Amino acid sequence: MFAREELLRVGYVPDRDRIIGRDDEIRAVGKALGPAVRGGPPRNLLLYGKTGTGKSLVSKHMAREARDRAHRNDVNLIYQYIDCSNDDTETRAARELALGVRDTLAPDFDIPRKGIGAAEYFRHLWDMLDEHEVRSLIVILDEVDKLGGDDDILMTLSRAEETGKTNSYVGIIAISNKIQYRETIGERVDSSLQDREFVFHPYDANQLRHILENRRDAFYEDVLSEDVIPKVAALAAREHGDARKAIDILRYAGAIAEESGTSEVLGEHIDSAMERAEADRFAELVSGSTPHVKHILVALASLTMNREEEEFAKQDIYSAYKTVCKNEGSAPISWDRVSRLLKEQSFLGITESRHTGGGYEKGSYRVHSLNRDPAIVLKALNSGTDPI
């Protein structure tokens, strides 16, 4: 089925002619990075928008473009991309930044992965930048809100040249899915960043269709039936406007067609592809969670599948959770710890919780519900459909 499957992978950064519907956003990022191309200081940026609206794609593409143009001007500019959903503390983010710059400038330089703190990783970073006479470093902090309110790294990077840590200019592109992120950072950091803000809006059906058409050559010729791309684009536009999800669905549809032994990707493969893509995304989302978080989610999904309600009190969830633990051969944790984990999942957007209004002779109490299809949750967590 696939001639160039890499065109459908999340990390793929396309050439300019494959980036659709983001001309204004490209100009905004280009304007911020433009001074660095000529040897001046880059401007900081805060980019907002829902997942799959092109924030990371445009940032990485324009950082790469700035690097190449700067080199043609004999300006030493480098960039580094940090995924804060994985590197979610200052120390982890500083480590990945230092190691990434090391791999670019001095692959043989030894930087320990463990045993030192953020300050030491930054010291290695400043030394490398100055030793290799780097004029500008562009740092892309994707999903910066996942740092959990730890904005020290923003302060350190934004004031590095001003405080004499390095002779290099440091520019920040901070990316967040949350429009309220700006309100969570401290006043000193806010002032130090002196950033510009830009919002990325969801793609419409025509833009999604154009994006998918520009990835058609991921498949061999005549493999895609004519209704596949319009159907994927229409479904994605109606549900979320997320280009990343639309591309994922197209890739999964090809894989499902390949597994079934057909010679063509058909519209009928799309529904299965959507379910598989959603399950894989959820599995990735909770991959780092503890077993008990997964047991709680299985319990809540099972309750949702087996009852007519969608919201459940904590005592119902805890009872179902204990049954899941018994089936898994695991000792349940306490009521209070389950309460804290439920609050954590609500904060992460995996579940929702609200206070009821109570009723006759009842006080107000909190109920919880899933933000995902329960069948998807069970499939993603490799659980049967009726574990309780």
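Just so it is clear, the structure is predicted and the values come from calculations on it, not from any experiment. Numbering of residues begins at 1 and proceeds along the displayed sequence. Excluded from the calculations below are hydrogen atoms, water molecules and symmetry mates; all remaining heavy atoms, backbone and side chain alike, are included.
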To the closest 0.5 Å, what do you measure between [atom1] ([X]) and [atom2] ([Y])?
X: Ser330; Y: His295; atom1: OG; atom2: NE2; answer: 4.0 Å
X: Arg216; Y: Leu7; atom1: CZ; atom2: CG; answer: 13.0 Å
X: Asp88; Y: Lys146; atom1: CG; atom2: NZ; answer: 9.0 Å
X: Glu311; Y: Leu300; atom1: CD; atom2: CG; answer: 10.5 Å
X: Glu90; Y: Asp152; atom1: CD; atom2: CG; answer: 4.5 Å
X: Glu352; Y: Glu310; atom1: CD; atom2: CD; answer: 10.5 Å

*Passes salt bridge (charged side-chain N to carboxylate O under 4.0 Å, His left out), Arg69 versus Glu65? Steps please.*
CA-CA 6 Å; Arg69 293 192 183 192; Glu65 188 74 11; 3.2 Å; yes

Is [Y] paired with [X] through a side-chain N to carboxylate O contact shorter than 4.0 Å?
X: Glu120; Y: Arg123; result: yes
X: Asp23; Y: Arg16; result: yes
X: Arg9; Y: Asp248; result: no

_Taking side chain to side chain donor-acceptor pair (under 3.5 Å) as the cut-off, I'd like each qualifying pair that reaches into residues 129-139, sequence neighbours left out, listed once._
Asp130-Thr166, Arg135-Tyr169

*Could you note down all residue pairs passing side chain to side chain donor-acceptor pair (under 3.5 Å) where residues 70-79 supplies at least one of them, sequence neighbours left out?*
none

Mind checking whether [X] and [Y] have side chains closer than 4.5 Å, heavy atoms only?
X: Val199; Y: Thr53; answer: no
X: Arg196; Y: Leu46; answer: no
X: Lys294; Y: Leu297; answer: no
X: Pro230; Y: Arg209; answer: yes
X: Met62; Y: Ile26; answer: yes
X: Leu129; Y: Val101; answer: yes

Does [X] have more than 12 heavy atoms from other residues, nucleotides or ligands lying within 6.0 Å of its [atom1]?
X: Glu6; atom1: CD; answer: yes
X: Glu5; atom1: CD; answer: yes
X: Lys314; atom1: NZ; answer: yes
X: Lys231; atom1: NZ; answer: yes
X: Arg67; atom1: CZ; answer: yes

Say whether, by atom type as modelled, one donor and one acceptor occur between the side chain of [X] and the main chain of [Y] under 3.5 angstrom.
X: Thr104; Y: Gly100; answer: yes
X: Ser168; Y: Val134; answer: yes
X: Ser319; Y: Asp316; answer: no
X: Thr351; Y: Ser346; answer: yes
X: Asp15; Y: Asp17; answer: no

To check you understand the geometry: which heavy-atom pair defines the closest contact between [X] and [Y], and what is its length?
X: Leu77; Y: Ala70; answer: CB-CB, 3.7 Å
X: Ile116; Y: Thr91; answer: O-CG2, 4.0 Å
X: Ala246; Y: Ala236; answer: CB-CB, 3.8 Å
X: Ile111; Y: Ala98; answer: CD1-O, 4.0 Å
X: Ala301; Y: Pro374; answer: O-CB, 3.5 Å
X: Arg215; Y: Pro14; answer: NH2-CG, 3.9 Å

Would [X] end up clustered with [Y] when hydrophobic side chains under 4.5 Å apart are linked, directly or stepwise?
X: Tyr48; Y: Val139; answer: yes
X: Val29; Y: Val37; answer: no
X: Met305; Y: Val377; answer: yes
X: Tyr12; Y: Val58; answer: no

*Would you sort out whether Asn327 and Thr323 count as a side-chain contact (heavy atoms from CB on, under 4.5 Å), showing the intermediate values?*
CA-CA 6 Å; Asn327 293 341; Thr323 302; 4.1 Å; yes

*Do Asp336 and Arg340 pass the salt bridge (charged side-chain N to carboxylate O under 4.0 Å, His left out) test, and can you show the C-alpha distance, the side-chain angles, and the key distance before you say yes or no?*
CA-CA 6 Å; Asp336 287 340; Arg340 287 196 293 272; 5.5 Å; no

_If the test is side-chain contact (heavy atoms from CB on, under 4.5 Å), which one of Leu45, Leu47, Leu141, Ile138 qualifies with Ser59?_
Leu47

*Just jot down the side chain to side chain contact (heavy atoms under 4.5 Å, CB included) partners of Asp227, sequence neighbours excluded, or say none.*
Ser225

*Apply side-chain contact (heavy atoms from CB on, under 4.5 Å) to the pair Val144 and Ile175, showing each step before the final yes or no.*
CA-CA 6 Å; Val144 65; Ile175 302 173; 5.9 Å; no

Just checking, is any N or O donor in the side chain of [X] or [Y] under 3.5 Å from an acceptor N or O on the other one?
X: Asp142; Y: Ser56; result: yes
X: Lys55; Y: Asn177; result: yes
X: His269; Y: Tyr252; result: no
X: His210; Y: Asn214; result: yes

*With sequence neighbours left out, what residues match Asn371 under side chain to side chain donor-acceptor pair (under 3.5 Å)?*
none

*asked:* Holding to side chain to side chain donor-acceptor pair (under 3.5 Å), I want the full list of residues that pass it with Arg113, two or more places apart in sequence or in another chain.
replied: Glu96

*Any chance you could lay out the side-chain contact (heavy atoms from CB on, under 4.5 Å) test for Met128 and Phe109, step after step, and finish with the verdict?*
CA-CA 9 Å; Met128 287 186 292; Phe109 183 53; 3.8 Å; yes

*Hydrophobic cluster mates of Leu250, side-chain heavy atoms under 4.5 angstrom, ILVMFWY only, any path?*
Met1, Phe2, Leu8, Ile20, Tyr203, Leu208, Ile211, Leu212, Phe219, Tyr220, Val223, Leu224, Val228, Ile229, Val232, Leu235, Ile247, Ile249, Val265, Ile270, Met274

*Would you call the rings of Trp335 and Tyr318 parallel, tilted or perpendicular if under 30° counts as parallel and over 60° as perpendicular?*
perpendicular

*Apply side-chain contact (heavy atoms from CB on, under 4.5 Å) to the pair Phe122 and Lys165, showing each step before the final yes or no.*
CA-CA 9 Å; Phe122 279 123; Lys165 302 292 186 185; over 6 Å; no

